[in-house]
Visitor: 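Take this structure, written in structure tokens, and hold onto it; I'll ask about it next.
What you see is a predicted model; the values in this text were computed from it and never measured.
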Amino acid sequence: MATPLSDTSLSPLRTIAVVGLGTMGTGIAEVLAKAGREVIGIDISEAQAARALTVLEASTAHAVRRGRLTEQERAEALARVRTATGLRAAADADLVIEVAPESYEVKQQIFRELDAIVRPETVLATGTNALSVTRLAAESARPERVLGLHFFNPAPAMKLVEVVSSVLTAPAAVTAVTHLALDLGKEPVAVGDRPGFVADGLLFGYLNQAAAMYEARYASREDIDAAMRLGCGLPMGPLALLDLIGVDTARTVLEAMYAESRDRLHAPAPILKQLSEAGLTGRKAGRGFYTYEAPGGATVVADALTPAAGGSGTPGREVRSVGVAGSGTMASGIAEVFAKAGYDVVLAARSEEKAQTAKARIGKNLARSVDKGRMTAEAAAQTLERITPAGSYDAFADVDLAVEAVAEDLEIKRQLFATFDKVCKPGAVLATTTSSLPVVACARATSRPQDVIGMHFFNPAPAMKLVEVVRTVLTAEDVHSTVHEVCGRIKKHAVDCGDRAGFIVNALLFPYLNNAIKMVQEHYASLDDIDAAMKLGGGYPMGPFELLDVVGLDVSLAIEKVLHREFRDPGLAPAPLLEHLVAAGCLGRKTGRGFREYARR
């Protein structure tokens with residue numbers, strides 16, 4: 001955040017002009033008026049200006065009904081707003097915020113006209129999220145007073161404001177708008193001038209990869225969106241979010257980012273161009289990745305791409321007992337999930353002692369659930385009784401489904417599947433919980449690759465609803481059906497994907513995390529500002545650096561290496577800063593230090 005300066009050449013920003021009264025401009029005007037600013041709303045369309053006033057009247061009336069404003073406060077706020085159709089109305093403004101269409105020509109014309117109208121000390125702010133603030137400033141007669149002020153939609157609700165400086169921006173201008181943002185009840189973060197800034201710079205690369213994943217028919221739109229909501233706790237899936245933002249808007253932002261970075265991850269996926277040129281720009285058009293009940297509406301309706309109810313129609317195999325291999329947190333969590341759902345579970349580890357320890361961990365988890373009122377003591381006791389610990393995988397002789405949750409090491413997993421092949425009965429389904437290794441390599445370690453499938457649970461397994469179901473080219477249809485039926489019984493949401501590095505969640509999540517590290521590495525923004533930007537601007541439950549420290553930097557690096565090795569994309573190469581921290585033993589919370597330091601317990 002900018003450091004307050006003693007420069008007094010800038011008067012307090014009391015009168016503010018907003019140029020462009022679309023959804024964003026109208027939202028900004030509302031925020032300013034409710035915070036006591038005099039607002040001049042300017043739009044070349046008289047009808048649009050009138051529509052903006054109507055929207056303001058409706059939104060402030062809604063705020064009164066919700067108890068957020070009094071009737072008097074509403075009347076005072078509306079009285080502070082006036083509209084005009086020409087830029088001359090901004091003559092007395094202390095700050096002008098333009099939110100015109102994302103076009104250099106349009107914005108530069110606005111700034112050239114404002115140069116001849118406003119006072120020398122008036123600050124000029126662009127609301128762009130894709131264009132170069134420096135380029136816009138360079139065209140101004142006073143580039144030192146030009147900066148970026150990027151609000152997020154809907155402006156009245158979203159807390160984040162990115163304050164964007166160019167190399168030409170005067171510190172006093174940054175200080176003035178930073179103080180304004182704080183006074184508006186927003187969280188300003190200071191960033192430099194590059195396309196997308198922080199939040200959109202990270203968000204749109206992720207959205208682009210999701211679009212490319214869908215275009216490749218790797219997974220359905222519904223499964224991609226469900227995976228990111230349930231696997232990462234996001235409020236919306238990426239394809240639904242692209243429809244909300246506007247497919248054409250996303251394409252514009254990505255084209256600007258790619259022009260700057262030449263990173264293939266930012267090169268707009270061809271489907272974005274195809275949808276845009278067909279007029280299928282998302283919710284506003286009534287159709288984008290999804291089809292909507294009406295243009296501008298949020299209700300999704302079934303279309304030709306909507307999956308048929310009832311799955312494939314192929315009956316699955318009967319599963320009454322489950323074997324879980326491993327003794328760590330993931331193995332014990334999976335065993336708990338199956339036992340809660342009524343399955344008889346054999347929990348096998350390399351020794352009887354390790355298996356007993358894993359069962360004891362489950363007992364403690366169940367006891368906590370009883371203490372919190374989530375289950376009865378009787379149900380907890382019955383769940384624990386269904387789990388039989390074993391010190392040998394020979395105990396899997398009669399299980400119908402064997403699930404491995406051992407170390408993420410391909411050779412260890414291959415050896416385990418060779419053991420499964422020997423001890424498990426014919427027809428048993430053999431599943432791996434790998435998050436990044438090829439499922440087919442595990443399958444080829446057996447004489448029955450048709451029985452092998454991926455079931456990628458997320459940690460902690462009892463709490464996380466998602467399971468990625470990973471079919472290989474050899475997986476039998478009835479095995480796939482079996483796993484879907486089992487996921488339904490254990491109350492997990494199954495999503496289908498092919499057998500390639502990262503599956504859905506990690507393939508989309510870790511390049512985003514890697515790009516955040518690159519931002520810090522390049523001194524573009526601080527850890528705290530990036531974390532704040534993604535939580536406040538992107539709706540993420542955790543910032544990227546909080547998440548990296550929780551996951552573990554060594555785990556993150558291993559996944560990044562797998563993705564880079566498989567896709568051979570230079571943009572996926574692990575950030576050197578991540579490699580350096582891992583080499584130094586700074587692995588995150590588990591070692592007390594990662595990107596941040598943590599108190600030792």
Visitor: Heavy atoms only: give me the nearest Val582-Leu553 pair and the separation to one decimal.
Guide: CG2-O, 3.5 Å

Visitor: How far apart are the closest heavy atoms of Ala212 and Ala269, and which atoms are they?
Guide: N-CB, 4.0 Å

Visitor: Quick test of your reading of the model: are Lys284 and Asp248 salt-bridged, counting only N-O distances below 4.0 Å?
Guide: yes

Visitor: Got a donor-acceptor contact below 3.5 angstrom from the Glu98 side chain to the Ile110 backbone?
Guide: no

Visitor: Looking only at non-hydrogen atoms, find the nearest pair between Ala211 and Phe289 and report the distance.
Guide: CB-CZ, 4.0 Å

Visitor: Can you confirm whether Ile517 sits close enough to Phe595 that some side-chain heavy atom of one is under 4.5 Å from a side-chain heavy atom of the other?
Guide: yes

Visitor: Tell me, with the steps shown, if Gln209 and Leu265 meet side-chain contact (heavy atoms from CB on, under 4.5 Å).
Guide: CA-CA 7 Å; Gln209 287 178 282; Leu265 297 178; 3.7 Å; yes

Visitor: With respect to Tyr214, which candidate in Leu242, Asp225, Ile271 satisfies the side chain to side chain contact (heavy atoms under 4.5 Å, CB included) definition?
Guide: Ile271

Visitor: Can you see whether Phe545 has Arg596 sitting over its ring - NZ or CZ less than 6.0 Å from the centre and within 45° of the normal?
Guide: no

Visitor: Salt bridge or not for Arg251 and Glu255, using N-O below 4.0 Å?
Guide: yes

Visitor: State whether the side chain of Glu162 and the backbone N or O of Phe151 hold a donor-acceptor pair below 3.5 Å, judged by distance alone.
Guide: no

Visitor: How many angstroms lie between atom CD of Glu215 and atom CE of Met213, to the nearest 0.5 angstrom?
Guide: 12.5 Å

Visitor: Any salt bridge (Lys or Arg N to Asp or Glu O under 4.0 Å) involving residues 561-584? Give me the pairs, sequence neighbours left out, ordered by first then second residue.
Guide: Arg264-Asp569

Visitor: Nearest heavy-atom pair of Leu234 and Pro541: which atoms, and what distance?
Guide: CD2-CD, 4.2 Å

Visitor: Test side-chain contact (heavy atoms from CB on, under 4.5 Å) on Val198 and Met519; report intermediate values, then the result.
Guide: CA-CA 8 Å; Val198 170; Met519 281 187 174; 4.3 Å; yes

Visitor: Between atom CG of Asp496 and atom CD1 of Ile224, what is the distance when rounded to the nearest 0.5 Å?
Guide: 11.5 Å

Visitor: Begin with the C-alpha distance, continue with both residues' side-chain angles, and end with the deciding distance and a verdict on side-chain contact (heavy atoms from CB on, under 4.5 Å) for Leu437 and Glu408.
Guide: CA-CA 8 Å; Leu437 300 175; Glu408 192 74 348; 3.8 Å; yes

Visitor: Check whether NZ of the Lys or CZ of the Arg Arg262 lies under 6.0 Å from the centre of the six-membered ring of Tyr258 and within 45 degrees of that ring's axis.
Guide: yes

Visitor: Before you tell me yes or no, could you show the steps for Thr433 and Ile334 under side-chain contact (heavy atoms from CB on, under 4.5 Å), namely the whole-Å CA-CA distance, both residues' side-chain angles and the distance that decides it to 0.1 Å?
Guide: CA-CA 10 Å; Thr433 61; Ile334 292 170; 3.6 Å; yes

Visitor: For Val337 and Pro462, which heavy atoms make the closest approach, and how far apart are they?
Guide: CG2-CA, 3.6 Å

Visitor: On the 0 to 90° scale, with breaks at 30° and 60°, tag the Tyr540-Tyr512 ring pair as parallel, tilted or perpendicular.
Guide: parallel

Visitor: Nearest 0.5 angstrom please: Asp549 CG to Lys590 NZ, how far?
Guide: 10.5 Å

Visitor: I'd like to know if the side chain of Tyr290 reaches the main chain of Arg221, judged simply by a donor and an acceptor atom lying under 3.5 Å from each other, with no hydrogens or angles considered.
Guide: yes

Visitor: Does the side chain of Arg194 come within less than 4.5 Å of Val164's, by heavy atoms?
Guide: no

Visitor: Taking side-chain hydrogen bond (donor to acceptor under 3.5 Å, both in side chains) as the test, write out the residues that go with Asn506, two or more places apart.
Guide: none

Visitor: Side chains of Thr252 and Glu102: do they bring a donor and an acceptor to under 3.5 Å?
Guide: no

Visitor: Looking at Asp94, Leu95, Ile16, Val31, which hits side chain to side chain contact (heavy atoms under 4.5 Å, CB included) with Arg37?
Guide: Ile16

Visitor: Are any of the side-chain nitrogens in Lys413 or Glu404 under 4.0 Å away from the carboxylate oxygens of its partner?
Guide: yes

Visitor: Decide if atom CZ of Arg500 counts as having more than 12 heavy atoms of other residues, nucleotides or ligands within a radius under 6.0 Å.
Guide: yes

Visitor: Is the side chain of Lys107 donor-acceptor paired with the backbone N or O of Val99 at a distance under 3.5 Å, no angle test?
Guide: no

Visitor: Answer yes if the side chains of Asp193 and Ser132 hold a donor-acceptor pair under 3.5 Å, and no otherwise.
Guide: yes

Visitor: Can you check whether Phe510 reaches Val555 side chain to side chain, under 4.5 Å on heavy atoms?
Guide: no

Visitor: I need the single residue from Thr169, Val96, Asp115 that forms a side chain to side chain contact (heavy atoms under 4.5 Å, CB included) with Arg145. Which is it?
Guide: Asp115

Visitor: Hey, does Ile453 have a side-chain heavy atom less than 4.5 Å from the side chain of Val439?
Guide: no

Visitor: For residues Asn459 and Met464, determine if any side-chain heavy atom of one lies less than 4.5 Å from a side-chain heavy atom of the other.
Guide: no

Visitor: Just verifying a value: how many Å separate Leu202 CG and Leu513 CG, rounded to the nearest 0.5 Å?
Guide: 9.0 Å

Visitor: When you measure from the side chain of Asp499 to the backbone of Pro438, do you find a donor-acceptor pair of N or O atoms at a distance under 3.5 Å?
Guide: no

Visitor: Looking at Ala494, is its backbone amide N or carbonyl O close enough to the side chain of Lys465 to form a donor-acceptor pair, meaning the two atoms are under 3.5 Å apart?
Guide: no

Visitor: Is there a side-chain contact between Pro235 and Arg229 (heavy atoms, below 4.5 Å)?
Guide: no

Visitor: Is the shortest heavy-atom distance from the side chain of Val146 to the side chain of Ser166 under 4.5 Å?
Guide: no

Visitor: Using modelled atom types only, decide if a donor and an acceptor are shared between the side chain of Glu139 and the backbone of Arg112 within a distance under 3.5 Å.
Guide: no

Visitor: Might you point out which heavy atoms bring Pro511 and Glu560 nearest each other, and give the distance in Å?
Guide: N-OE2, 3.8 Å

Visitor: Is any side-chain heavy atom of Ser165 less than 4.5 Å from a side-chain heavy atom of Leu147?
Guide: no

Visitor: Any side-chain donor-acceptor pair under 3.5 Å between His266 and Ser261?
Guide: yes

Visitor: Donor-acceptor pair, distance only, cut-off 3.5 Å: does the side chain of Tyr218 make one with the backbone of Gly498?
Guide: yes

Visitor: CG of Leu547 to OG of Ser556: how many Å apart, nearest 0.5 Å?
Guide: 7.5 Å

Visitor: How many angstroms lie between atom CG of Asn514 and atom CD1 of Ile559, to the nearest 0.5 angstrom?
Guide: 11.5 Å

Visitor: State whether Tyr598 and Arg593 meet the cation-pi test: NZ (Lys) or CZ (Arg) under 6.0 Å from the six-membered ring centroid, and within 45° of the perpendicular axis.
Guide: no

Visitor: Under the 3.5 angstrom rule, does the side chain of Arg361 hit a backbone N or O of Gly328 as a donor-acceptor pair?
Guide: yes

Visitor: Could you verify whether a donor N or O on one side chain and an acceptor N or O on the other, from Tyr206 and Asn515, lie under 3.5 Å apart?
Guide: no

Visitor: For Glu546 and Arg589, run salt bridge (charged side-chain N to carboxylate O under 4.0 Å, His left out): C-alpha distance rounded to whole Å, both residues' side-chain angles, the deciding distance at 0.1 Å, then the answer.
Guide: CA-CA 9 Å; Glu546 291 177 273; Arg589 288 192 180 182; 5.5 Å; no

Visitor: Is a donor on one side and an acceptor on the other found under 3.5 Å between the side chain of Glu468 and the backbone of Ile504?
Guide: yes

